[in-house]
Amino acid sequence: MNKLLFLSAALLCVAGAAPMTFQATPQARAQTPFPVVVPQPKQATYPTGILPLAGLSVRVLGSAPELTWAARDLKADWNTRLNAELGTSSTGKIVIGTVENAELAAKIRTAGLAASGAEGYALLVDSTGAYVVGADAKGAYYGTQTLRQLLTPQGLRFAKITDAPVLKQRIAMLYLDQYSKGVNDKLIPLLAGLKYNSVLIMSNYVQWDVAKAGGWAHPGGATKAEAKRVAELSRTYGLEPIPLIETPGHAAWMFYGGKNRDLVQDPDSKEPYAYDTLNPETFSRVIFPVLKEAVETFGAKTVHIGHDEVRNRDRFPARENGKAMGYPKLITDHIVKLHDYLKTLGAGTMMWHDSAFAEAVVGTVPAALPKDIQVAYWNYHPGSDIPMLSQIKTAGFRTLGASWNEVGNAEGMAQASVKAGIDGMIQTRWNGYFGNPSVWDGLADQGVAYVRAGNAFWNPGAKDVPNAAQLYRDLYQPTAFAAAAGFTADLKAAANRTLSDPDSKGWIQKGPDTDLSNLKAGVQKIGAYTFNISGAVMTKGARAAVADLPASITLDVNRKADAIAFLHTTGWASALPALNRELVGRYEIVYADGSRVTQPIEYGRHIRAWTDTVNPSMVMAPGWAGQTKDGLDINVPIFEWVNPKPGVAIRSIALVSEGKAANPTLLGLTLIGGQ
């Protein structure tokens, strides 16, 4: 009896559900190669043709470790993208080496190509094979990163490329924390693929021996073993590790647990931020031991000592002896002290520009500093008119620019760096000391910036990367090119709003200039997925325009699926910041056996408004992007739900709204796998 009642209740819950028709598609989900090479080569043509996969193997000519790394990366792609093995043989048609090999030098010369300059390479793919020829071993490694992007399900695209980096130093920022392994093991190969050659590693909270002994090691920090592992892994991907230890400001790391309070700069500070640079104990107890451990752990050739925003929070100087000395001499002596100590350890010094080139001290401090210090000027705004880069270089320092995540920032700074003739660029990341996973889920726009910056640092004259978010997602989480069959759903029977709004009664009732009419109806590929677009299944929300819509809409399915792709959005943005992950709705999946699964829909993680173009989370795949008739940038993301019960038919899916500002709206639904 109880079982019958349960089944009856299950049947009642889908009564009145909207029927859907399904159309079989062989490419419900199909990851395709990115359409352009990133970073964009300086000179490249792509003749029509494909070098077939059949019988391909790789041949390495030379013993340099970079050549071995190149073959490793190619083999990884064969495994991930093609679910196949790429063998190594003495007759392989994929050949990797340098111009030191006469055979390879002649091959590219005959093809009208040249490999010259540090890290330069030539790349030829034609009917006879694929040839990566570096001006040096590093160049061969970077040429292989380009070759990897020519891989398709059918073979390697024909290409003729002559390339070399414009900027000598191309640095990306990493973090060490308790999540390090899960994140950095993905980011390091990604950065190598984008042809960075160094990583600046935020290392404040590494659990140094001196910190553990003193009781101020943060439990959220990475272990020394992990720091060493990341440094070693970085080097095997051609990335020189540079530890960043923030001093003398941003120094809360040394006061964790209430320790070292006698060393604070400002005794009145409730949350100590800077330390006393005139207390010998600061150096003997904390700073010098940490720097020594950092140099030893990373095998560091250079250490970044911070020195940004020194006076932002605490009084500096705050103590009487410091006030008597004055800030310019106080900061100068501190920089020199750290520089000289690092020199005894065989390491160079890098620092941010603030301390020496702020307007109040630029006339005195730079002249008193050792000129072998490398100074990085950070500027987080778009544009290429940046005179400070030349000013720092003219003062006698090796100079770097530093960019962040705003579109146009890295691109403009890279162009300015070329004009100024400086060493290179740093792509910074500021997502919190213990927020490593947010580079994928939460602050993913900072990860997307790696792609844009990598393109600009290698070739500042390159075109902007189209859909950088899609490339970032695919580099961080590489997927196979093999297509997954499935079924696209026609939502016409359930749709309650049109995408066009000619009479202010469709979409969000704002009229024809502010609607989704540029997302055309019909079966189409959006990102890696195929959808059938026929209208909007929109739920109730707090706005008057949707207040009378249903809070829940149920869709009949009656099919099995391995996963479901939802092309969905909200009419308006959440009232809370995306990082707050406001719960705005849910999908309720009911199976044929009566069981249920609920998938929450959190704003900023699973869904975002059609007008919200920031990429806070790669849990959402980049989907459709376009503009309204009045020129507003718009987009619709995709969320793929993995079915925990693929062997049981799904009876129905209900889209349920919480009735908040961000009202969930379904535009496309595709079953992946199943029957």
Any ring pair (Phe, Tyr, Trp, His ring centres under 6.0 Å) involving [range]? Give me the pairs, sequence neighbours left out, ordered by first then second residue.
| range | result |
| --- | --- |
| residues 559-595 | Phe566-Tyr587, His568-Tyr587 |
| residues 636-656 | His606-Phe639 |
| residues 650-675 | none |
| residues 505-564 | Trp507-Trp610 |

Pairing residues for Asp185 by the salt bridge (charged side-chain N to carboxylate O under 4.0 Å, His left out) criterion, not counting sequence neighbours:
Lys181, Arg229
Which donor-acceptor pairs under 3.5 Å do side chains of residues 25-36 form with protein atoms, sequence neighbours excluded?
| residue | atom | partner | partner atom | Å |
| --- | --- | --- | --- | --- |
| Thr25 | OG1 | Gln27 | N | 3.2 |
| Arg29 | NH1 | Glu640 | OE1 | 3.2 |
| Arg29 | NH1 | Glu640 | OE2 | 2.6 |

Which residues satisfy the side chain to side chain contact (heavy atoms under 4.5 Å, CB included) test with Ala84, sequence neighbours excluded?
Trp78, Leu82
Can you name the side chain to side chain contact (heavy atoms under 4.5 Å, CB included) partners of Gln178, sequence neighbours left out?
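Gln178 satisfies side chain to side chain contact (heavy atoms under 4.5 Å, CB included) with Phe434 once adjacent residues are dropped.
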I need the full list of salt bridge (charged side-chain N to carboxylate O under 4.0 Å, His left out) pairs touching residues 435-455, with sequence neighbours left out, sorted by first then second residue.
Glu411-Arg452, Asp441-Arg581, Asp441-Arg605
Salt bridge (charged side-chain N to carboxylate O under 4.0 Å, His left out): pairs with one or both residues in residues 617-634, sequence neighbours excluded
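Every candidate salt bridge (charged side-chain N to carboxylate O under 4.0 Å, His left out) pair involving residues 617-634 fails, so no pair, neighbours aside, qualifies.
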Do NZ/NE/NH1/NH2 and the carboxylate oxygens of Asp474 and Arg81 come within less than 4.0 Å?
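A salt bridge links Asp474 with Arg81.
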Listed partners of Tyr433 passing ring-ring contact (aromatic ring centres under 6.0 Å, His included), at least two apart
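For Tyr433, the residues satisfying ring-ring contact (aromatic ring centres under 6.0 Å, His included) (neighbours in sequence not counted) are Tyr205.
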Would you please test Lys186 and Trp440 for side-chain contact (heavy atoms from CB on, under 4.5 Å) and show each step?
CA-CA 10 Å; Lys186 293 178 180 292; Trp440 175 257; over 6 Å; no
Inter- and intrachain pairs under side-chain hydrogen bond (donor to acceptor under 3.5 Å, both in side chains), touching residues 453-471, at least two apart:
Asp163-Trp458, Asn467-Gln470
Would a 4.5 Å heavy-atom cut-off, applied to side chains only, mark Arg429 and Leu187 as touching?
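Yes. Closest side-chain heavy atoms under 4.5 Å.
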